[in-house]
Amino acid sequence: AGNDMQTGDANVIIGMNAGDATVDVDRVTIVGTAAASANMLAASDGTVAVGYASLAVLTEGIGNTAVGAFSLDANVTSDYNTAVGYEALSAVTNDGSTHNTALGYQAGLAIAAGTHNTCVGSQAGLAQDGETFNTWIGYYAGGAVNGGASYCIGLGAQAMAAGNSTQTGTIAIGYQSLNALTSGERNLAIGYQAADAMTDADDNIAIGWASLGAANNTNCLRNVSIGNYTMDGFGDANPINNVAVGHQAMSGGLTDASDNN
């Protein structure tokens, strides 16, 4: 541990090959085999690396904390990241201020160039790579998002878990809410399995248990559904511009002609 250290101050380095290539760094905590084993320079003062190969190649990244085997293990010069969990933020390579936070097994696993993301939960934000300003909280929340969807919020296990493309600003709150969404834009879903079958429909609002729960047609557009089981009978119909408020409102099987109600 710390084999090449010459002038560093206030450091804690424990583990085989831990901090081995660093010559002069201060106030770092490095614990674990091969943790922070590259030559860290002054910019990396205060780094925390705990776990096998955590921050293994860091040289100049500022303000990084990695706890867990392979956490932030590809980070060389990326700044202000916090990763807690096995392989959390394992792919981060972007240079400069990235401000990603991941907590959980493989949380934010594939984030490479993405910035300002928060992933909390096992495999939350798992496939995300270059997206920015997303918040995923819950098991596999936003798990397959990797096509450019930024500024999204997925709160709840498997919320917004399908592979998204360009749905900037989508909000899904509740277990499996908007779980199947792939390219639908400007949708808001709040509630258990709210709009959980929707894939590429746009501009819908679903609030309540299973609200808009079976809607899966591309042309299901601009509907407002508020209340448990509201509009849960749309299926593959393509109703447009409807408003339903109240328990089971418009919950029957609707047709393509069910517009402007």
Side-chain angles (χ1 to χ4, degrees), residues 1-121 124-137 142 146 150-152:
N3 285 347
D4 294 339
M5 187 73 68
Q6 296 178 6
T7 58
D9 296 322
N11 298 300
V12 175
I13 304 176
I14 302 171
M16 185 174 69
N17 299 325
D20 265 7
T22 294
V23 176
D24 180 14
V25 73
D26 302 325
R27 300 176 301 281
V28 301
T29 299
I30 303 171
V31 180
T33 298
S37 53
N39 183 17
M40 292 189 296
L41 305 179
S44 295
D45 285 354
T47 292
V48 176
V50 179
Y52 178 83
S54 56
L55 283 168
V57 295
L58 186 73
T59 58
E60 296 185 79
I62 303 169
N64 291 289
T65 298
V67 179
F70 302 108
S71 55
L72 279 168
D73 63 322
N75 181 16
V76 180
T77 58
S78 182
D79 305 331
Y80 312 117
N81 299 288
T82 300
V84 180
Y86 180 83
E87 291 186 335
L89 293 178
S90 182
V92 168
T93 55
N94 198 23
D95 182 41
S97 300
T98 50
H99 296 276
N100 292 299
T101 300
L103 171 61
Y105 169 74
Q106 293 185 333
L109 174 69
I111 294 176
T115 68
H116 302 87
N117 296 291
T118 301
C119 306
V120 179
L126 178 71
Q128 179 175 324
D129 47 22
E131 292 75 19
T132 61
F133 291 96
N134 287 315
T135 299
W136 311 118
I137 301 177
N146 64 0
S150 297
Y151 305 95
C152 297

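No hydrogens, no waters, no symmetry mates; every other heavy atom, side chains included, goes into these values.
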Which atoms form the tightest heavy-atom contact between Gly85 and Ser71, and what is the distance? O-CB, 3.7 Å

Which is it for Asp24 and Thr7 under the side chain to side chain donor-acceptor pair (under 3.5 Å) test, yes or no, and what are the steps along the way? CA-CA 5 Å; Asp24 180 14; Thr7 58; 3.1 Å; yes

Check the pair Tyr80, Thr98 against side chain to side chain contact (heavy atoms under 4.5 Å, CB included), reporting the backbone distance first and the verdict last. CA-CA 6 Å; Tyr80 312 117; Thr98 50; 6.0 Å; no

Could you grab the distance from atom CG of Leu58 to atom OG1 of Thr77, nearest 0.5 Å is fine? 8.5 Å

Least distance between heavy atoms, Gly51 atom then Ser54 atom: O-OG, 2.8 Å

Might you point out which heavy atoms bring Asn134 and Cys152 nearest each other, and give the distance in Å? OD1-N, 2.7 Å

Minimum heavy-atom separation for Ala127 and Asn146, please, with both atom names. O-CB, 3.3 Å

Tell me, which pairs form a ring-ring contact (aromatic ring centres under 6.0 Å, His included) where one or both residues lie in residues 13-63, sequence neighbours left out? Tyr52-Phe70

Criterion side chain to side chain contact (heavy atoms under 4.5 Å, CB included) on Cys119 and Ile111, from CA distance to verdict: CA-CA 10 Å; Cys119 306; Ile111 294 176; 4.1 Å; yes

Dump the intermediate steps for side chain to side chain contact (heavy atoms under 4.5 Å, CB included) on Met40 and Leu55, then the final yes or no. CA-CA 10 Å; Met40 292 189 296; Leu55 283 168; over 6 Å; no

Once you round to the nearest 0.5 Å, how far does OG1 of Thr101 lie from CG of Asn81? 7.5 Å

To the nearest 0.5 Å, tell me how far Leu72 CG sits from Ser90 OG. 8.0 Å

With the side chain counted from C-beta on, respond yes when Thr132 and His116 share a heavy-atom pair under 4.5 Å apart, and no when they do not. no

Is a side-chain donor or acceptor of Gln128 paired with a backbone partner of Glu131 at a separation under 3.5 angstrom? yes

Is a donor on one side and an acceptor on the other found under 3.5 Å between the side chain of Thr22 and the backbone of Ala38? yes

Between OG1 on residue Thr135 and CG on residue Asn117, distance to nearest 0.5 Å: 8.0 Å

At what distance, to the nearest 0.5 angstrom, does CG of Asp79 lie from OG1 of Thr115? 12.0 Å

Return the minimal non-hydrogen interatomic distance between Ala88 and Ala83, and the atom names on each side. O-CB, 3.5 Å

Quick one: pull up OG1 in Thr59 and CG in Asn75 and give me the separation to the nearest 0.5 Å. 8.5 Å

What heavy-atom pair brings Gly15 and Ala1 nearest, and what distance separates the two atoms? O-CB, 3.3 Å

